[in-house]
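Take a look at the structure set out below.
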Protein chains: 2
Amino acid sequence: MKIELTTEEKIYEAAKEIFYRKGLDGARMQEIADLAGINKALLHYYFRTKEKLFGAIVKRVAEVFFPVLFSTWNMDIPFEAKIYTFTDKYIDFLIKHPFIPNFVINLIHQNPDKVKSLLNFDKLPISAQLEEQIRVEIEAGNIIDVDWRQIIISIISLSVFPFIGSPMLKIIFKLDDEEFLKIMEERKLIIPKMVMAWLKP
Amino acid sequence: MKIELTTEEKIYEAAKEIFYRKGLDGARMQEIADLAGINKALLHYYFRTKEKLFGAIVKRVAEVFFPVLFSTWNMDIPFEAKIYTFTDKYIDFLIKHPFIPNFVINLIHQNPDKVKSLLNFDKLPISAQLEEQIRVEIEAGNIIDVDWRQIIISIISLSVFPFIGSPMLKIIFKLDDEEFLKIMEERKLIIPKMVMAWLKP
DNA sequence: GTCTATAAAGGGATAGAC
DNA sequence: GTCTATCCCTTTATAGAC
């Protein structure tokens with residue numbers, strides 16, 4: 001039983017779908033209208049221009065994607081637990097929204113300055129707590145001496161790349177959707193194990 | 001001292017530059033013509049349509065990218081040496097061509113079937129030798145028992161994602177180009193160390 | 001081969017009826 | 001709010017001179 005969406009919600013859903021897959025330039029207003037089950041004129045009635053509609057989708061995506069990406073880093077829990085928590089929560093999110101990473105990456109590639117101001121990184125230090133935590137762990141001799149940024153880069157790479165590169169991985173390994181999902185579920189534990197094995201002295 | 005390029009080469013260079021950054025839909029023929037120092041009509045004289053020009057660039061990219069990505073996997077050298085060789089060669093390539101991964105990813109996202117037939121994976125098993133090699137290593141007890149695909153996915157993720165996500169990493173860590181490059185150079189050794197630490201029983 | 005000028009198509013945006 | 005019809009700018013593609 002389907003819940004009847006408002007027209008605005010139908011547009012959001014359709015626009016999200018099309019923009020995720022084709023980007024701003026590749027998307028057609030006609031295509032979005034068709035998918036939403038309305039006509040082009042009504043799209044413009046709700047969102048004036050294509051850019052504004054795109055901007056609305058970007059805003060929505062940013063509001064869910066970046067909190068999930070960064071919220072774990074500054075939590076006040078032990079280092080090892082933090083890595084396990086991150087991969088578990090982040091991969092869960094990516095399984096639900098597999099197209100978002102590629103969308104965000106292209107967004108930043110094509111307009112780094114806009115995204116920079118949108119995120120306001122100067123006001124919100126996203127990893128200050130983690131940087132300090134890693135420093136303490138290194139000094140205590142709990143983990144090897146390595147650039148803290150290499151740790152974060154590695155964890156994010158291991159988690160997010162398989163989703164960005166999923167069409168290629170599916171071709172290379174001849175995977176169907178179910179097999180791919182199973183491999184991603186396994187990574188929730190594989191990734192923290194790998195990272196900790198590396199960091200243990 | 002610059003070598004004078006033929007018109008066709010000037011078009012290739014210009015089109016590559018624009019298509020890498022903006023994709024098929026975002027690129028403008030006028031823009032490519034300007035960058036090549038010619039006019040639009042001459043573009044069409046050489047390559048009939050925008051799609052054909054794009055296809056020519058794709059062909060060129062595929063011819064360098066996939067060999068670099070896959071050639072190491074089936075080499076007849078020990079497992080550990082293979083990982084070190086791969087990260088070294090692959091990251092060298094990515095430093096020289098940082099825009100290619102994102103270009104290829106988007107290509108496959110938007111047209112998986114075309115890329116599939118282009119690559120002809122059925123004829124060229126890209127990882128059969130490596131799969132067997134990992135099986136032998138596991139049976140000999142040299143590495144832990146883990147899905148061989150997880151190993152390859154992890155190594156590729158660790159190597160290629162930082163380049164795909166470089167604009168975001170530069171924002172998060174406030175990196176300039178030089179610092180970013182230094183971190184990538186360090187990864188040539190960090191990645192194999194991490195993977196081997198994980199796989200050692 | 002290379003140019004200028006122009007045709008043709010595509011697609012975002014609006015007018016106006018209901 | 002929602003539709004049909006249409007405008008008009010942008011961009012691809014071609015014609016034709018040199």
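None of these values were measured; they are calculated from a predicted model. Numbered from 1 within each chain, the chains take letters A, B, ... in sequence-line order.
Taking every nucleotide of DNA chain C with any atom under 4.0 Å from a non-hydrogen atom of chain B, the first and last of them, 5' to 3', are C/dG1 to C/dT4.
For the pair A/Asp25 CG and D/dT10 P, the interatomic distance rounds to 15 Å; values are reported in whole Å.
Ring geometry, A/His109 versus B/Phe99: the interplanar angle exceeds 60°, so the pair is classed perpendicular (tilted spans 30 to 60°). Aromatic ring orientation, A/Phe66 versus A/Phe70: parallel (interplanar angle below 30°, classes split at 30° and 60°).
Heavy-atom distances under 4.0 Å link DNA chain C to B/Ile38, B/Asn39, B/Ala41, B/Leu42, B/Tyr45, B/Tyr46 of residues 30-58 of chain B, given in residue order. Listed in residue order, the members of residues 8-20 of chain B having a heavy atom less than 4.0 Å from DNA chain D come to none.
Ion pairing of A/Lys170 with A/Asp176 is absent here, as no side-chain N (NZ or NE/NH1/NH2) approaches a carboxylate O to less than 4.0 Å.
Contact between the side-chain N/O atoms of B/Arg28 and the OP1/OP2 oxygens of D/dT12 is found at a separation under 4.0 Å.
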Could you walk me through whether A/Tyr90 and A/Phe86 pass the ring pair (Phe, Tyr, Trp, His ring centres under 6.0 Å) test, one step at a time?
CA-CA 6 Å; A/Tyr90 195 43; A/Phe86 174 77; 4.9 Å; yes
May I have the step-by-step check of ring pair (Phe, Tyr, Trp, His ring centres under 6.0 Å) for A/Tyr12 and A/Phe47, ending in yes or no?
CA-CA 10 Å; A/Tyr12 267 119; A/Phe47 293 92; 5.6 Å; yes
Pair B/Phe54, B/Phe19 - check ring pair (Phe, Tyr, Trp, His ring centres under 6.0 Å), show working.
CA-CA 7 Å; B/Phe54 186 75; B/Phe19 282 137; 4.9 Å; yes
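Between the side chains of A/Ser127 and A/Arg149, no donor-acceptor pair is found at a separation under 3.5 Å. Between B/Arg187 and A/Gln150, the side chains place a donor N or O and an acceptor N or O closer than 3.5 Å (distance only, hydrogens not considered). In this model, no donor atom of one side chain and acceptor atom of the other lie less than 3.5 Å apart for B/Asn39 and B/Asp34.
More than 12 heavy atoms of other shown residues, nucleotides or ligands fall within 6.0 angstrom of atom CD in B/Glu63.
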